Protein chains: 2
Amino acid sequence: MTLKDLATLLGLSPTTVSRALNGYPEVNEATRKRVAEAAQRYNYRPNTQAKRLATGRAMAIGHVIPISTQHEIVNPVFADFLAGAGEVYARAGYDMVLTIVPDDDEERAYREIRSKRNVDGILVHAPKAHDPRIALLNDLGLPFVVHGRASGVRAPYSWVDVNNTRAFERATEFLLDLGHRRIALVNGIDGMDFALRRRRGFERALAGRGLAADPALIVAGEMTEAQGHAAARAMQALADPPTAYLTASLLSAMGVRRGLEEAGLKLGRDVSVLTHDDELGYLKNGEQEPIFTATRSSVREAGRRCAAMLLRKVASGDPTPQTELLEAVLVVGQSTGPCRALHRQNEHAAETL
Amino acid sequence: MTLKDLATLLGLSPTTVSRALNGYPEVNEATRKRVAEAAQRYNYRPNTQAKRLATGRAMAIGHVIPISTQHEIVNPVFADFLAGAGEVYARAGYDMVLTIVPDDDEERAYREIRSKRNVDGILVHAPKAHDPRIALLNDLGLPFVVHGRASGVRAPYSWVDVNNTRAFERATEFLLDLGHRRIALVNGIDGMDFALRRRRGFERALAGRGLAADPALIVAGEMTEAQGHAAARAMQALADPPTAYLTASLLSAMGVRRGLEEAGLKLGRDVSVLTHDDELGYLKNGEQEPIFTATRSSVREAGRRCAAMLLRKVASGDPTPQTELLEAVLVVGQSTGPCRALHRQNEHAAETL
DNA sequence: AAAGTCATTCAAAGCGCTTTGAATTGTATT
DNA sequence: AATACAATTCAAAGCGCTTTGAATGACTTT
């Protein structure tokens with residue numbers, strides 16, 4: 001059933017039918033109704049390819065998912081992010097086109113996407129500091145939105161990001177307020193922009209109290225359970241182990257928890273753990289009450305925001321960069337408590353009274 | 001730069017240029033070379049939409065990702081599966097189109113995809129027993145491959161699946177051989193076909209030794225860390241707690257581990273845990289040596305196989321159903337050991353000698 | 001030398017839609 | 001009654017590619 005068929009069936013021209021279906025004003029309301037009903041009855045759907053060719057709009061958004069060539073890791077937050085973005089696209093009648101690219105081959109991928117013209121815009125994932133993709137995409141002239149930011153990139157661009165610096169600054173302050181002074185940071189991979197910002201927030205909070213970060217208490221890497229576990233084991237073996245851990249993901253936090261429990265330590269009492277929580281669907285930080293104290297920010301919501309912003313850009317054609325900064329909320333769970341060392345001092349002080 | 005432009009530039013007809021670029025035989029080799037070079041120099045890329053319209057092939061594969069309306073959960077294996085499938089599509093010049101659909105609205109989604117004609121085939125995820133989508137897709141006449149199977153569906157269809165029944169049968173036998181008799185099953189959601197099969201394998205192995213499954217030792221649900229934790233806590237509180245756990249995912253296993261460690265039990269010594277491991281990129285079961293004893297089967301590889309099969313179907317147009325059964329491998333880690341109860345009996349026996 | 005082959009190229013139609021510019025009709029204006 | 005105008009509708013061109021069927025030479029074959 002093509003447009004032409006439908007038109008013949010109705011005794012109308014394809015022009016009128018097309019206009020009726022696309023909501024153009026210069027068509028009689030009675031006709032429009034008749035057309036709509038026929039379309040319904042004969043289950044007519046415009047051929048996407050034809051529409052795209054005729055309008056020049058692909059009605060699709062591209063997501064380039066980089067896969068680390070070293071670790072072969074698929075970032076676990078993608079699934080939730082895509083779910084969020086997908087909702088928005090679906091509502092707008094857009095398709096979501098995924099391209100999986102080894103991260104040493106991204107430039108070629110973007111160029112190819114551009115010249116194939118099969119998407120109207122691109123969503124950029126996982127920016128690194130000084131990420132060259134931004135300049136490239138600005139060059140290519142394809143609308144894009146970055147999920148995250150790229151420190152060191154001068155050129156303006158549109159982004160949606162969580163205030164990672166502030167989140168980790170507050171998290172660190174929270175631990176400092178509990179009396180912790182030896183705080184470990186179990187961070188994401190070093191080059192990633194979000195990891196840099198989190199570290200910056202961490203260091204800023206420490207500096208605010210006249211403290212310096214101890215390099216022995218900082219580790220950066222893939223945010224896996226194994227990472228957290230290894231970090232906790234290594235750091236607990238130090239002469240002066242940390243009394244609190246700040247981790248970048250729930251998985252890392254779970255690993256840290258295991259390492260600490262193996263050492264016979266109880267979370268929240270002996271050692272504190274505070275993690276960032278992306279609110280992934282399959283990795284919940286407790287049901288009602290959070291298990292870990294956490295800086296919480298929904299990746300799925302970020303996906304929605306990114307998608308909505310990109311669609312606005314595509315629709316308006318306005319190249320003015322837009323930005324949106326989301327704040328994480330600090331939720332308090334069972335995994336943090338006053339610094340034990342301090343606690344003991346206090347007890348001691350009480351005794352001597 | 002369009003085909004026409006390029007043709008004019010070369011003093012050839014669009015026909016010849018098109019054929020030269022698409023490898024048709026009736027083109028002079030010298031001409032072909034000249035065309036190829038010009039295409040390269042002027043960075044010509046055929047417009048995807050035009051190509052699609054002209055050929056009638058969408059050069060894209062659709063993936064419908066269902067989102068549970070109750071749990072709002074995005075299945076964490078999707079990311080890895082898509083990575084695997086994406087590799088294959090990219091190599092074949094196909095796009096991957098994702099549609100995120102609430103799981104109460106899938107039929108409409110499939111029909112829409114069909115009539116929009118923007119994909120050449122569909123990959124079906126997460127089949128349930130008696131899944132109605134299979135009949136629907138057979139009706140719609142769009143090539144499709146199911147990742148998994150749907151027990152109870154009579155109509156033939158193409159699928160790629162892990163031998164879940166056999167995997168869990170072997171896993172259970174392994175535990176039985178270690179002397180375990182009280183074995184818990186921490187399974188996936190009940191309706192899901194893979195969960196049914198795993199349970200069947202579990203029960204079959206028990207029946208093979210004349211044992212029946214104890215309903216008190218079976219739990220089914222979303223495979224999260226919380227699920228495993230809750231299951232372990234509940235079951236350890238039983239009068240006659242299990243000596244071994246069989247879990248359906250690494251996350252569940254991690255939860256069980258936590259529950260057991262909270263109870264002061266050591267994995268592999270006091271209690272055994274055997275899990276299925278999908279080899280997700282971000283959730284590794286140890287580096288060299290596995291942490292958990294596991295039935296292992298790469299979801300990413302399954303993605304590749306599914307994609308390859310679907311592309312073959314699309315290319316050949318042959319509707320004959322194809323099937324591919326992958327076997328999981330049983331790897332032995334630190335989390336399993338002889339049944340403690342049995343062990344004690346043996347020690348006792350040794351002492352009395 | 002005429003007829004038949006083969007290799008190579010081309011003109012034109014078509015994929016299914018949108019959109020421009022013109023045609024038609026009915027109604028309001030003078 | 002003649003003109004203007006708005007409201008509808010339509011024919012045809014075009015989006016950039018593929019593909020059919022025909023055309024052009026050059027080369028064999030008889």
Side-chain angles (χ1 to χ4, degrees), chain A residues 1-36 38-39 42-60 93-95 112-120 315, chain B residues 1-36 38-39 42-60 93-95 112-120 315:
Chain A
M1 174 62 56
T2 72
L3 182 74
K4 206 170 145 193
D5 295 342
L6 193 64
T8 316
L9 228 58
L10 285 162
L12 287 169
S13 73
T15 309
T16 305
V17 176
S18 168
R19 292 192 149 145
L21 292 173
N22 290 311
Y24 281 71
E26 60 270 67
V27 58
N28 190 314
E29 272 314 314
T31 315
R32 188 194 302 284
K33 210 170 149 220
R34 213 159 59 87
V35 170
Y42 297 106
N43 191 32
Y44 166 77
R45 293 293 155 83
N47 177 307
T48 316
Q49 323 302 347
K51 198 163 188 159
R52 287 174 174 175
L53 179 57
T55 58
R57 283 171 306 145
M59 295 301 287
Y94 273 69
D95 280 345
E112 193 147 300
I113 286 171
R114 170 63 226 250
S115 44
K116 281 185 15 177
R117 267 178 231 98
N118 61 339
V119 300
D120 298 319
Chain B
M1 174 63 56
T2 73
L3 184 72
K4 209 171 144 193
D5 295 341
L6 194 62
T8 317
L9 227 58
L10 284 162
L12 287 169
S13 73
T15 311
T16 306
V17 175
S18 169
R19 292 190 150 147
L21 292 173
N22 290 311
Y24 282 72
E26 62 272 65
V27 167
N28 189 316
E29 271 316 313
T31 314
R32 187 192 304 283
K33 212 172 148 219
R34 212 157 60 88
V35 171
Y42 297 104
N43 192 31
Y44 166 77
R45 294 293 155 83
N47 178 308
T48 317
Q49 324 302 348
K51 199 163 187 158
R52 287 172 175 176
L53 179 57
T55 58
R57 283 170 306 146
M59 294 302 286
Y94 273 70
D95 280 345
E112 193 146 299
I113 286 171
R114 171 60 228 249
S115 43
K116 281 185 13 177
R117 266 176 233 99
N118 61 340
V119 299
D120 298 318

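Within every chain, numbering begins at 1; the chains are lettered A, B, ... in the order of the sequence lines, protein sequences first and strands thereafter. Remember, it's a predicted structure, so these values are computed and weren't measured experimentally.
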Looking at CD of A:Gln49 and OG1 of B:Thr55, how far apart are the two atoms once the value is rounded to the nearest 0.5 Å? 8.0 Å
For B:Ala30, does its backbone N or O pair with a side-chain atom of B:Asn28 as donor and acceptor, under 3.5 Å? yes
B:Ile113 CD1 to A:Arg45 CZ distance, which is reported to the nearest 0.5 Å: 11.0 Å
Could you walk me through whether B:Tyr42 and B:Asp5 pass the side-chain contact (heavy atoms from CB on, under 4.5 Å) test, one step at a time? CA-CA 10 Å; B:Tyr42 297 104; B:Asp5 295 341; over 6 Å; no
Just wondering, do A:Thr48 and A:Met59 contact through their side chains at under 4.5 Å, heavy atoms? no
Do B:Asp95 and A:Lys116 touch side chain to side chain, with heavy atoms closer than 4.5 Å? yes
Shoot me the first and last contacting nucleotide of DNA chain C against chain A, ordered 5' to 3', at under 4.0 angstrom to non-hydrogen atoms. C:dG16 to C:dG21
Take A:Asn43 and A:Met1, measure what side-chain contact (heavy atoms from CB on, under 4.5 Å) needs, and give me the verdict at the end. CA-CA 8 Å; A:Asn43 191 32; A:Met1 174 62 56; over 6 Å; no
Heavy atoms within less than 4.0 Å of DNA chain D: which residues of residues 46-57 of chain B have one? Give them sorted by number. B:Pro46, B:Asn47, B:Ala50, B:Lys51, B:Ala54, B:Thr55
Name the residue from B:Val27, B:Thr31, B:Val35 that meets the side chain to side chain contact (heavy atoms under 4.5 Å, CB included) definition with B:Arg19. B:Val27
If each of B:Val27 and B:Arg117 is mapped to the nucleotide of DNA chain C with the nearest heavy atom, which maps nearer the 5' terminus, i.e. the 5' end? B:Val27
Is the closest side-chain heavy-atom distance between B:Thr2 and B:Asn47 below 4.5 Å? no
Gap between atoms CG and P, on B:Asn28 and D:dA26 respectively (whole Å): 14 Å
Once rounded to the nearest 0.5 Å, what's the spacing between atom CG of B:Leu12 and atom OG of B:Ser18? 12.0 Å
Contact residues, residues 10-17 of chain B to DNA chain D [heavy atom, < 4.0 Å]: B:Thr15
